[in-house]
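Below is one structure, written out as structure tokens, with a few remarks after it.
To find a chain, count down the sequence lines: A is the first, B the second, and so on, and within it residues start at 1. This one's a predicted model, so the numbers in the text were calculated from it and none came from an experiment.
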2 protein chains.
Amino acid sequence: MIYGDLEAILRAHAMRITACRIDVLDSFLGTGHALSFKDLEGKLTQYDRVTLYRTLNSFIDKGIIHKIFSDSGFISFGICYDTCSPHHHHHNHVHFKCDACGNIECLPSYHVPVPEISGYKITEANLLVNGLCSKCISN
Amino acid sequence: MIYGDLEAILRAHAMRITACRIDVLDSFLGTGHALSFKDLEGKLTQYDRVTLYRTLNSFIDKGIIHKIFSDSGFISFGICYDTCSPHHHHHNHVHFKCDACGNIECLPSYHVPVPEISGYKITEANLLVNGLCSKCISN
DNA sequence: GTATAAATGCAATAGAGTTGCAAATAGATG
DNA sequence: CATCTATTTGCAACTCTATTGCATTTATAC
């Protein structure tokens with residue numbers, strides 16, 4: 001992605017522009033799927049693990065990325081599509097995890113069907129779907 | 001629960017009857033919601049942490065309980081309703097997490113709506129719903 | 001250029017979960 | 001009931017993920 005665009009995203013969220021943040025943001029925008037901490041750690045070896053953790057946490061706080069909890073117990077991070085305000089994420093898209101390649105994708109065009117549960121008040125719903133992604137299904 | 005019934009469940013899964021397994025099983029059957037490791041550790045202090053972990057893992061292997069991944073990142077465990085064979089769990093019920101009391105419930109009468117995703121093969125779907133449970137909503 | 005608040009790197013720490021191994025025990029056998 | 005064996009348990013040590021404290025560095029406002 002063009003460097004100026006990355007800078008603009010950080011500025012739009014009132015964040016200082018640092019090399020680490022630019023690189024992490026670029027990683028998210030340059031891939032079609034969610035990233036785990038390990039993905040980033042393996043790719044951006046020039047930064048300390050702690051800095052990467054803090055970068056991810058500040059991106060979550062600012063509403064730039066969101067956590068994805070998969071059945072592996074590992075947490076992945078995906079770019080936010082709709083407007084997530086600081087400290088408040090609004091996601092209603094489906095998450096897909098491919099059991100072959102292990103990649104997790106956000107499917108922003110697939111909304112989570114929220115069931116009515118009598119006697120309960122529902123505020124949020126997360127749907128994780130497992131299977132084979134389009135790439136792995138054709139191999 | 002009656003001790004003989006607990007014994008019968010273990011025997012039906014070809015497991016040796018031990019005090020820890022009886023107590024863990026009784027904990028699951030005596031509560032209306034899922035249990036975290038911490039719940040069990042706090043309740044069954046007479047057993048070693050490692051023994052509790054191994055008990056939970058063997059119950060999962062045998063299809064007696066299943067893991068529930070919530071948005072907190074903590075794993076909870078729920079009794080299996082439908083027939084889960086060893087090493088293969090079949091769950092299609094909704095999981096609910098109350099944001100007030102923190103309890104996680106299995107809702108066996110609410111099935112997970114599985115979306116069709118073009119170009120993808122879907123094998124499983126997990127739905128976690130957040131909100132207020134019936135107890136907390138009336139307080 | 002300088003001041004200052006924020007970000008970084010390193011070391012230490014916290015917490016969840018697992019593994020190795022010796023001791024204890026469930027359950028099968030005679 | 002005694003004995004044998006495979007399973008289970010408890011303890012210690014360890015692995016892995018993630019966080020915190022603190023000194024140093026850096027981005028940005030002036």
Side-chain angles (χ1 to χ4, degrees), chain A residues 3-4 6-27 34-62 64-77 86 102 104, chain B residues 3-4 6-27 34-62 64-77 86 102 104:
Chain A
Y3 180 83
L6 300 168
E7 271 198 344
I9 293 171
L10 292 177
R11 246 187 231 107
H13 290 89
M15 300 183 83
R16 291 196 173 185
I17 288 138
T18 68
C20 181
R21 286 174 179 172
I22 291 290
D23 284 342
V24 169
L25 199 49
D26 194 38
S27 299
L35 297 173
S36 66
F37 178 79
K38 270 200 173 163
D39 292 334
L40 289 167
E41 192 184 26
K43 198 178 174 236
L44 303 175
T45 52
Q46 66 266 44
Y47 305 111
D48 191 84
R49 295 168 50 261
V50 176
T51 302
L52 290 175
Y53 274 116
R54 285 197 266 229
T55 300
L56 289 169
N57 283 332
S58 62
F59 280 6
I60 290 170
D61 288 346
K62 295 289 183 178
I64 298 175
I65 61 174
H66 60 282
K67 282 189 182 182
I68 305 171
F69 300 91
S70 79
D71 56 355
S72 70
F74 280 88
I75 295 171
S76 283
F77 303 89
I104 294 177
Chain B
Y3 181 83
L6 299 169
E7 270 199 346
I9 293 171
L10 293 177
R11 243 185 233 110
H13 290 89
M15 299 183 83
R16 290 195 174 186
I17 289 139
T18 68
C20 181
R21 286 174 180 171
I22 291 290
D23 284 342
V24 169
L25 198 49
D26 194 38
S27 299
L35 297 173
S36 67
F37 178 78
K38 272 200 173 165
D39 292 334
L40 288 167
E41 193 184 25
K43 197 177 176 238
L44 304 175
T45 52
Q46 66 267 45
Y47 305 111
D48 192 82
R49 292 168 53 258
V50 177
T51 302
L52 289 174
Y53 275 116
R54 284 196 269 230
T55 299
L56 289 169
N57 283 333
S58 62
F59 279 7
I60 289 169
D61 288 346
K62 295 290 183 176
I64 298 175
I65 61 174
H66 61 283
K67 282 189 181 180
I68 305 171
F69 300 91
S70 80
D71 56 356
S72 71
F74 280 88
I75 295 171
S76 283
F77 304 89
I104 295 176

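The separation between A/Leu10 atom CG and D/dA27 atom P is 13 Å, rounded to whole Å. Between the CG atom of A/Leu52 and the P atom of D/dT19 there is a distance of 12 Å, given to the nearest Å. D/dT17 atom P lies 16 Å from atom CZ of B/Phe74, rounded to whole Å. For the pair A/Leu44 CG and C/dG9 C1', the computed distance is 16 Å after rounding to whole Å. A/Arg16 places its CZ atom 10 Å from the P atom of C/dA5, with the value rounded to the nearest Å. Residue A/Tyr47 contributes atom OH, which lies 23 Å from atom P of D/dT24 at whole-angstrom precision. Protein atom CG of A/Asp61 is 14 Å distant from nucleotide atom C1' of C/dA6, rounded to whole Å. One interatomic measurement links the two molecules: CD of B/Glu7 to C1' of C/dA26, which rounds to 11 Å at whole-angstrom precision.
A donor-acceptor pair is defined here as one N or O able to donate and one able to accept, closer than 3.5 Å; such a pair exists between the side chain of B/Asp39 and the backbone of B/Ser36.
Residue A/Lys38 has a polar side-chain atom (N or O) positioned under 4.0 Å from OP1 or OP2 of D/dT17. In terms of phosphate contacts, B/Asn57 brings a side-chain nitrogen or oxygen within less than 4.0 Å of OP1 or OP2 of C/dT18.
As judged by a 4.0 angstrom heavy-atom cut-off over every strand, B/Arg21 is placed among residues touching the sugar-phosphate backbone only.
Ranking C/dC10, C/dA7, C/dA16 by closeness to the A/Thr18 side chain, first place goes to C/dA7. The nucleotide whose nearest atom lies closest to any side-chain atom of A/Ile75 is, among D/dT7, D/dT9, D/dA18, D/dA18. Of the candidate nucleotides C/dC10, C/dT8, D/dG10, C/dT8 has the atom nearest to the side chain of A/Thr55. Distances were taken from every side-chain heavy atom of A/Asp48 (C-beta onward) to each of C/dG9, D/dA27, D/dT17; the shortest belongs to C/dG9. You'll find that the side chain of B/Tyr53 is closest to C/dT18, out of C/dT18, D/dC11, C/dT8.
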Inset, instruction - Please lay out, stage by stage, how A/Tyr3 and A/Asp26 fare under the test side-chain hydrogen bond (donor to acceptor under 3.5 Å, both in side chains). - result: CA-CA 8 Å; A/Tyr3 180 83; A/Asp26 194 38; over 6 Å; no

Inset, instruction - Evaluate the side-chain hydrogen bond (donor to acceptor under 3.5 Å, both in side chains) criterion for residues A/Tyr53 and A/Asp48: first the C-alpha distance (whole Å), next the side-chain angles of each, then the deciding distance (0.1 Å), finally the verdict. - result: CA-CA 9 Å; A/Tyr53 274 116; A/Asp48 191 84; over 6 Å; no

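Nearest-nucleotide positions on DNA chain D for B/Met15 and B/Val50 put B/Met15 closer to the 5' end.
Side-chain N/O atoms of A/Arg54 and base N/O atoms of C/dG9 include a donor-acceptor pair closer than 3.5 Å. In this model, a side-chain donor or acceptor of B/Arg49 finds a partner on the base of C/dG17 within 3.5 Å.
We find the CG-CZ distance between A/Leu10 and A/Arg16 to be 12.5 Å, quoted to the nearest 0.5 Å.
With A/Arg21 as the fixed residue, the side chain to side chain contact (heavy atoms under 4.5 Å, CB included) test singles out one of A/Ile9, A/Thr51, A/Thr55: A/Thr55.
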